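Sequential numbering from 1 along the given sequence is applied to the chain's residues. In each ligand, atom 1 is the first atom listed, and ligand 1 is the first ligand listed. Hydrogens, waters and symmetry mates are skipped; everything else that's a heavy atom, side chains included, is used. Fair warning: this is a prediction, and the values are worked out from it, not measured in the lab.
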Amino acid sequence: MPAVVVLGAQWGDEGKGKATDQLGSRVDHVVKFNGGNNAGHTVVIDGEKYALHLLPSGILSPGVTPVIGNGVVIDLEVLFQEIDALEARGVDTSRLLVSASAHIIAPYNRTIDKVTERFLGKRRIGTTGRGIGPTYADKISRVGIRVQDLFDEHILAQKVEGALDQKNHLLVKVYNRRAITVEETVAELLTFAERLRPMVTDTALVLNRALDEGKTVLFEAGQATMLDVDHGTYPFVTSSSATAGGACTGSGVGPTRIDRVVGVIKAYTTRVGEGPFPTELLDDMGEHLRKTGGEYGTTTGRPRRCGWYDAVIARYAGRVNGLTDLVLTKLDVLTGLEKVPVCVAYDVDGVRHDEMPVDQSDFHHAVPVYEELDGWWEDISECRTFEDLPVNAQRYVLALEEMSGTRISGIGVGPGREATIVRHDLLS
Ligand code: GDP
Ligand code: IMO
Ligand code: MG
């Protein structure tokens, strides 16, 4: 099974990092294909916690070649901070490859992200403030700075000048900030150029050749389906393609080469930032899920909004990604509840919607239709087979599988690498 995509089926933080890490020892390349350091993946190995942002989680597995694909946006300072921090803990990062066509988050894009959010006020997106949106905007507007531009100072200066031309008007006249000079920007970007140079290559060629040789490539998404710029809850989304198609455009590997698409999904739902969230719990139960699940952002530390599992979203994610498998995470967090409600449809102004409403106003007004499943009290963190689970937990998983329309191949029962039940091998 040579090419597998692992992506988020909800609003992020489903446990993609752990799922990727678990397959790490059996894959040759792990590719990050979208997003940047807005992502935060926590991986726990032998009780040791690693928080990854820009680097693919596969970097933690010895022997894996981690790849930053062309679809990623790179903050160079963050990249090297992360590399240095991992090296200091004994992780070998020397295999890392970086696409020559990936875009760079220039310092002015971090500034623009923050001031735009401030000016939006009540209408803000709640971004991570890392410059992600403005950098993708530059890419699409064809004024972006790419990795390869760092190696020709003349071209770099020309491109920075072109980008700053409009941005300084905006910064000074609209946002009341000081103008940014070409010289300071170029100097900052060049600080890292020589350190980056040996890692830079045609990663699409490397990946296609690896597949030609029968090697296993894992494509690891940042963010998630409901944050995807096309398929998510626009405009409350990130600015990249976090769905399965993004694995192709963000890496240069064609769709005919992808064998399996795995959606990682929590046994309940969380969201960080603004935007609609039908099953959100604003009461003590929401607080209970947040506390029990440790639902605070890996990147910004913000408390995550929490709610029940939403099977409408699961079916939608199944459809827009062509999911072959689901990995259900954090089942252990639901232990100790009398009843566990699951959203099976929405009521929008008296009309039942079994599928995602196409109109964003309808989604904003969607009231969940719940089915209540029986809970369980037994500690499940040591369960390693499906049969080890209490009967009600088994029934919960089987009901979710039925409602969601995709088989559940893995079940997470704790944050550690080993705390997983495998029902179907994701690589065979
Ligand atoms: P990602 O962004 O999708 O990689 O997810 P995050 O790392 O941001 O958030 C998932 C959190 O849940 C992390 O702290 C993981 O260590 C933790 N986690 C992952 N799977 C499980 C699980 O099955 N049970 C529990 N209790 N925690 C888990
Ligand atoms: P991982 O990979 C959860 C959210 C932000 C905000 C919106 C836009 O850890 O699952 P951006 O800075 O991307 O322009 O912010 O997207 N967001 C995430 N939420 N997990 C993430 O990544 C996220 N990356 C961005 O909170 O609502
Ligand atoms: Mg995360």
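Evaluated by nearest non-hydrogen atom to atom 9 (O) of ligand 1, the leading choice among Asp13, Thr20, Asp21, Thr329 is Asp13. By heavy-atom distance, the residue among Lys18, His41, Glu14 lying nearest atom 4 (O) of ligand 1 is His41. Residue nearest to atom 21 (C) of ligand 1, selected from Gly294, Gly293, Gly414: Gly414 (by heavy-atom distance).
Here the protein heavy atom with the shortest distance to atom 13 (C) of ligand 1 is Thr42 CB, 3.7 Å. In this structure, the protein non-hydrogen atom closest to atom 15 (O) of ligand 2 is Thr127 CA, 3.4 Å. Closest to atom 12 (O) of ligand 1 among all protein heavy atoms lies Lys330 NZ, 3.0 Å.
Taking a cutoff of 4.0 Å between a charged side-chain nitrogen and a carboxylate oxygen, Arg130 and Glu117 do not qualify as a salt bridge.
Residue Gly412 approaches ligand 1 through these ligand atoms, each under 4.0 Å from one of its heavy atoms: 23 (O). Of all the atoms in ligand 2, the ones that sit under 4.0 Å from a non-hydrogen atom of Gly273 are 27 (O). If you number the atoms of ligand 2 from 1 as listed, the ones under 4.0 Å from a heavy atom of Lys16 come out as 1 (P), 2 (O), 10 (O). Every atom of ligand 2 with a heavy atom of Val237 under 4.0 Å away is listed here by number and element: 7 (C), 8 (C).
Looking at Val333 next to ligand 1, no N or O pair under 3.5 Å apart turns up. Ligand 1 has no nitrogen or oxygen under 3.5 angstrom from a nitrogen or oxygen of Ala419. At least one N/O-N/O distance between Gly40 and ligand 1 falls below 3.5 Å.
Residue Arg130 places no heavy atom under 4.0 Å from ligand 2. For the pair Ser239 and ligand 2, no heavy-atom separation below 4.0 Å is found. For Gln22, the heavy-atom gap to ligand 1 stays at 4.0 angstrom or more. At least one heavy atom of Gly126 sits less than 4.0 Å from an atom of ligand 2. Note on ligand 2: Arg302 sits in its first shell, one or more heavy atoms being nearer than 4.0 Å. Within the structure, the closest approach of Thr270 to ligand 2 does not fall below 4.0 Å when heavy atoms are considered.
Asp388 and Thr385 share a donor-acceptor pair across their side chains, judged by distance under 3.5 Å alone. No hydrogens or angles considered: nothing links the side chains of Thr329 and Glu14 as a donor-acceptor pair under 3.5 Å. Ser428 and Arg26 share no donor-acceptor pair across their side chains, judged by distance under 3.5 Å alone. Asp228 and Thr243 form a side-chain donor-acceptor contact under 3.5 Å, judged by distance and modelled atom types alone. Defined by atom type and a distance below 3.5 Å, a donor-acceptor pair is missing between the side-chain atoms of Thr20 and Lys16. Using modelled atom types, one finds a donor on one side chain and an acceptor on the other under 3.5 Å when comparing Lys18 with Thr420.
Once rounded to the nearest 0.5 Å, the distance linking CG of Asn176 with CZ of Phe119 reads 7.0 Å.
Contacts with ligand 1 closer than 4.0 Å are made by side-chain heavy atoms of Arg304 only, the backbone lying farther away. Looking at Asp332 against ligand 1, only its side chain comes within 4.0 Å, counting heavy atoms. Neither the backbone nor the side chain of Val264 has any atom closer than 4.0 Å to an atom of ligand 1 (non-hydrogen atoms only).
Protein atoms that are N, O or S and lie under 2.8 Å from the Mg ion (ligand 3) are these: Asp13 OD1, Gly40 O.
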